[in-house]
Amino acid sequence: MVTIQETELKERVFLAVKRAKELGRPVLFCEVHKIDMINPISFFNCGKNRFLGERFFWKDPSDENVLVGLGISKQIQSDQVTDRFFHVEKEWKNFLTDSLIFNPYKEMGIGPVMFGGFSFDPSKEKTNLWSKFADSLFHLPKYMLSIMKGQTFLTTNIVCTPNDDDSLFNKIMEERNEIFTSLHNRNDSKRANLVETLEILPENWVKTVEEVVKDLKAGPLKKVVLARELRLLFDDIIETDAVLSHLFKQQHDSFIFAFESNGDCFIGASPERLVKKRGENVFSTCLAGSIPRGETEREDKILGEQLLNDQKNLIEHGFVVEMIKEALEESCQEVILPAKPQLMKIRDIQHLYTPVIGKCHQDTSLLLLVERLHPTPALGGLPKIGAVEKIRQVEDLDRGFYAAPLGWVDYNGDGEFAVSIRSGLIQGKEASLFAGCGVVADSDAESEYLETGLKFRPMLRAIGGE
Ligand SMILES: C=C(O[C@H]1C=CC=C(C(=O)O)[C@@H]1O)C(=O)O
Ligand SMILES: [Mg+2]
């Protein structure tokens, strides 16, 4: 049972409103409570009535950091093309100035945390598909569950304005009570049935891969990642809560995320970390090069060995290592990575994987690291700018948030971003799923097509299309 001191809250809200009146502008009030363990999926589900369309979910592969947000206290959004990472960071810092934060704990990911992300390429011509997501979009939740290394916390964030009075306190009490009383409600949603699967221009996609292979052979581009889309139509509204809960069970070794905005939901299970920062410690991942899982243990092992020794995949992977190492060396005094890739095996696919760790310079922020790394050649290509331009020209897809940084930053500047692959955008009765692959001079278009097929599977299974 959760018991949170009411009188304390009343005093704190009073102080925050007083400060807002003195300053003549809104002030953030935030308090953190340590609470008993709550199932994070139940917490997400219980926001369905009051906070539908204003929720997010995040879990890292090791279950070390789980964050679930309900409601929006503050939104940071823009379609700015240049300096977009810097712009978001500046707005976040400005917003936090003069805030009242009651947080006696030292863990990361508690207190004010903004969750969200960026589009893959803000210069790409927009379609209607991603109209509900700005190119940079972050939410500070009203209520947030954080499970950090096994300890559970509840953060409450309220923006107090000079016009607020006692009724604000009553509203917070009412909302918090509603969350906790509805935690154990059963969520009996009926499952929508898939009625149609549209593969978007598959022949064109294969042709584009063939043409890009020719370009790559001629140089100077070395690698270009090309992606495609599946559009699914259902006979009823797709229940994001159910899809999330399937991903949570079926892809537990991945980053599991869901981000609602204006009625749509971007959701997925990505195996790929872009960057995590805790103090001066930085962690990144090179993930590129793929092969299917085997039907038997023996076959799986043989396939893994084959991947570890396959020249095309080693080259595809090597470009990612080269770029991430270089990008981190700019921001870190020490960068450590193994000489050879290892295997990452997830449910439907195995990848070449090289973890990277570093110690960054004092003035390096998480969003600066995101800017330097995005897009890595696992999502864009090499050289970075030429590859992104090529994608912009030849790809028949509005990537939106797919293959882009998605994650969170806390008020101390710590946080983590994944690369949002193995993902889909849910829009009422319809959904788009996305999958891409690293094209190099040695690529065979048909094999790349099959590889993207494997990468659709986690989302297809979770959404009920398999
Ligand atoms: C672009 C995707 O995967 C990337 C990550 C791992 C392996 C990849 C590959 O082998 O092509 C891709 O670079 C995707 O899943 O949509
Ligand atoms: Mg590949």
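Note that the coordinates shown come from a computational prediction; the quantities given were computed from them, not determined experimentally. Atoms within a ligand are numbered from 1 in the order they appear, just like the ligands themselves.
The nearest heavy-atom contact from the protein to atom 15 (O) of ligand 1 is Arg422 NE, 2.5 Å. Of all protein heavy atoms, the one closest to atom 2 (C) of ligand 1 is Gly436 O, 3.4 Å. For atom 8 (C) of ligand 1, the nearest protein heavy atom (residue, atom name, distance) is Lys455 NZ, 3.2 Å. In terms of protein heavy-atom proximity, atom 4 (C) of ligand 1 is nearest to Ala378 O, 3.5 Å. Atom 10 (O) of ligand 1 has its closest protein heavy atom at Ser290 OG, 2.5 Å.
Distances from atom 5 (C) of ligand 1 to the heavy atoms of Glu448, Met344, Glu272 put Glu272 nearest. Here the shortest heavy-atom distance to atom 1 (C) of ligand 1, taken over Phe319, Tyr353, Tyr402, belongs to Tyr402.
Each of the following atoms of ligand 1 lies closer than 4.0 Å to a heavy atom of Ala435: 16 (O). Shown in contact with His351 at under 4.0 Å from a heavy atom are these atoms of ligand 1, numbered in order with element: 6 (C), 7 (C). Close approach to Cys437 involves these atoms of ligand 1, each under 4.0 Å from a residue heavy atom: 11 (O).
At least one N, O or S atom of Glu316 sits under 2.8 Å from the Mg ion (ligand 2).
Restricting Glu451 to its N/O/S atoms, the shortest distance to the Mg ion (ligand 2) is reached by OE2.
Between Phe401 and Phe133, the ring centre distance stays below 6.0 Å. For an aromatic pair to be called close, the ring centres must be under 6.0 Å apart, and Tyr353 with His317 fails this. Ring centroids of Phe120 and Tyr402 are separated by 6.0 Å or more, keeping the two rings apart.
With no hydrogens or angles considered, a side-chain donor-acceptor pair links Glu89 and Ser365 at under 3.5 Å. Between the side chains of Gln250 and Arg457, no donor N or O sits under 3.5 Å from an acceptor N or O. A donor-acceptor pair shorter than 3.5 Å can be found between the side chains of Asp300 and Gln350. A donor and an acceptor atom, one from each side chain of Ser331 and Arg372, are located under 3.5 Å apart. Using modelled atom types and a 3.5 Å distance limit, the side chains of Arg347 and Ser254 yield no donor-acceptor pair. Side-chain contact, Glu107 with Gln151: a donor N or O sits under 3.5 Å from an acceptor N or O.
The one candidate from Glu196, Glu199, Glu430 that meets the salt bridge (charged side-chain N to carboxylate O under 4.0 Å, His left out) condition with Arg231 is Glu430.
Residue contact annotation: Ala403 has no non-hydrogen atom under 4.0 Å from ligand 1. By the 4.0 Å heavy-atom criterion, His317 is excluded from the residues contacting ligand 1. By the 4.0 Å heavy-atom criterion, Ala288 is counted among the residues contacting ligand 1.
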